[in-house]
Amino acid sequence: MNPDRIPAEFPAASYRGAQKGAIRDIQAAFEAGNDIVLVRAPTGSGKSLLARAIAGSARGPRDAGPEEAFGAYYTTPQVSQLDDVAADPLLDSLSVIRGKGNYSCVLPGETTTPVDQAPCARETGFDCPQKHRCPYFSDRDLAATRQIAAMTLAYFMQTAGSEVFGKRDVLVIDEAHGLADWAEMYATIDLRPQTVPVFERTPPPAIDGVDDAIEYARTLAAVCDRQRHELQREPELTPDEVKKRDTLASLVRDLNWFVDDASDHESATTWVTDQHGGENSPVTIKPVNPERYLSHTVWDRANRFALLSATILNAEAFCYQTGLDPERVAFVDVEHTFPVENRPLFDVTQGKMTYDARDETIPKIARLLVRLMAHHPDEKGIVHCHSYAIAEQLERQLTEFGVGDRLRSHDSENRDAVLSSWKRDETSVLLSVKMEEALDLADDLARWQLLCKAPYPNTKDSRVARRLEDGQWGWYYRTALRTVIQACGRVVRSPTDYGATYLADTSLLELFDRAATDVPPWFQQQLDRMQTPELPPFDPSFAVDSADTAPRRSSSRDSNASHPLDDVWQ
């Protein structure tokens, strides 16, 4: 890596906001000898452009010796982020590769078949006459030879040990704040009838701890491997059989990895198990702080690393969770350049949203939403519901109030379709679940949002419970704070954009106090300015009627308004 090249590799014609200073600080951090640089860059900082500049400084093939790594990887956990990279002309030097299931076969009669179920996957010894035209292998081969290969974090981790995607000089991870969480998710083994093709043949015994899980994993891996070999001996498989074969192969790899790691007394990973139904019921095997998993899939695959996010809240804690030596790590904090008045927070708390209290609080939030809809009659909004149960309760209550026509909701199957349709609406309100990250609602796509619940991790999850037993309350509060900050960035995407964020759960205010030492300075500015707005009285007719009949408020369309959000301060 040549840090001197980082400024020259910046892909835009000019800098905006704090980008120039960020590039200078990142360059200096690498020049100081740090192997890993954490970059905390707020929403709208242009992290992808910073990432491109860093990746461009990687050693090239002409500068590398026979055994030296060269080139760079760009990776992100978010599929939508990779889509944005692929569509950005400033980032066209990044060669994007996706998983096989995202490509269609080109053979006659197979053009609607995903590549992972094509004849090359179904038939033993199949020699594809059109492999040179296969979109997957074409993209893979191109990414393998280009200076910067771009892929999702899931694909990147799955290619660990691959001859095609071996070690490179530089690895850049965008949206890296949840790296430990993503690694835990990828390393989790979920054993149930839907995920284990031989579940009924080899059901779990009563699992009481990790030792029992190791014994069951050994038995299950052997059964899965025998079934996989039986399928491989068939000259031709159906698409369902291909899926079964690949699922079995993946299970064998995961189960053997777990047995090896859990049996290694020197491994830093702690394993926990969940089995709520006892003998013959599903079991989940989960890692806590999977340092060894990250070593194999991430840290062994490059010489230098840049990890970018708006919400790396505590550098020391991040290093601990991901198995990094803080002595090798530098922290670069990028200034937020969006005017604080454009991104206000408002205290509209209605009570606690804990499980025991939510039945009392949700009707109050529903009434609040009617008032917010009346306050924003001609503007779209998004409600972060935290769970489908909360979303369903709110939708039922709001429909009873007569404002259902202005609502949009989704389930886990149709979320993308509903989101796309909602974006084309003019004034509707989306009841969303798990959309606090990687969602760009610039300008009129959304002018306001409501956070219904403090997003604390679920204490019934065995990993969460284990961490709290170990006294990791700082992690618990940081995790919730990180999600809140990510959510607050959804509706303000540029220095000229503006949007209001309303907080409905009293526990959110308590969270800000408990996590005060980890609040970034630019978010603290928003907290310091937080006020309670004046809202219209509860009247459902004002929430669904046009702006002409709704209570009038100042807006960006009013010539006498000094700022688009002036009215909420009055």
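Side-chain atoms are counted along with the backbone in the values below, which use heavy atoms only and exclude waters and symmetry mates.
Residue Asp174 comes nearest to Pro77 through the heavy atom pair O-CD, 3.2 Å, listed as atom of the first residue, atom of the second, then distance. Scanning all heavy atoms of the two residues, the minimum distance from Val259 to Ile214 falls at CG2-O, 4.0 Å. Across Ile6 and Ala53, no two heavy atoms sit closer than the pair O-CB, 3.5 Å. In terms of heavy atoms, Ala515 sits closest to Tyr477 at CB-CB, 4.1 Å. When all heavy atoms are compared, the tightest approach of Val170 to Ala55 is CG1-CA, 4.4 Å. Here the shortest heavy-atom pairing between Cys488 and Phe523 reads SG-CE1, 3.9 Å.
A salt bridge does not link Asp440 to Lys423: none of the charged side-chain nitrogens sits closer than 4.0 Å to a carboxylate oxygen. A salt bridge does not link Glu436 to Arg490: none of the charged side-chain nitrogens sits closer than 4.0 Å to a carboxylate oxygen. With salt bridges taken as basic N to acidic carboxylate O contacts below 4.0 Å, one links Asp181 and Arg482. Between Lys244 and Glu241 no salt bridge is recorded (no basic side-chain N to carboxylate O distance below 4.0 Å). In this structure, Glu110 pairs ionically with Arg122, as a charged nitrogen and a carboxylate oxygen lie closer than 4.0 Å. Salt-bridge annotation for Arg467 and Asp470: absent, with no side-chain N of the basic residue lying under 4.0 Å from a carboxylate O of the acidic one.
Just one residue in the list Asp254, Leu251, Thr247 forms a side-chain contact (heavy atoms from CB on, under 4.5 Å) with Cys224, and that residue is Leu251. A salt bridge (Lys or Arg N to Asp or Glu O under 4.0 Å) with Arg98 holds for exactly one of Asp116, Asp139, Asp83; it is Asp83. Partner of Thr311 under the side chain to side chain donor-acceptor pair (under 3.5 Å) criterion, out of Gln486, Arg478, Glu175: Gln486 alone.
Note that the CG atom of Leu94 and the CZ atom of Arg52 stand 6.5 Å from one another [nearest 0.5 Å]. Here Asp261 contributes atom CG and Glu266 contributes atom CD; the two are 11.5 Å apart, rounded to the nearest 0.5 Å.
No donor-acceptor contact under 3.5 angstrom links the side chains of Gln525 and His336, judged on distance only. Neither side chain, Arg16 nor Thr337, offers a donor N or O lying under 3.5 Å from an acceptor on the other. Checked by atom type, the side-chain pair Asp190/Thr284 shows a donor-acceptor distance below 3.5 Å.
For Trp522 and Phe338, the distance between ring centers is not under 6.0 angstrom.
Ring orientation note: the planes of Tyr15 and Phe10 are tilted relative to one another, at an angle of 30° to 60°.
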(request) Decide side chain to side chain contact (heavy atoms under 4.5 Å, CB included) for Ile97 and Tyr155; before the verdict, give the C-alpha distance in whole Å, the side-chain angles of both, and the deciding distance to 0.1 Å. (result) CA-CA 9 Å; Ile97 175 64; Tyr155 186 90; 3.6 Å; yes
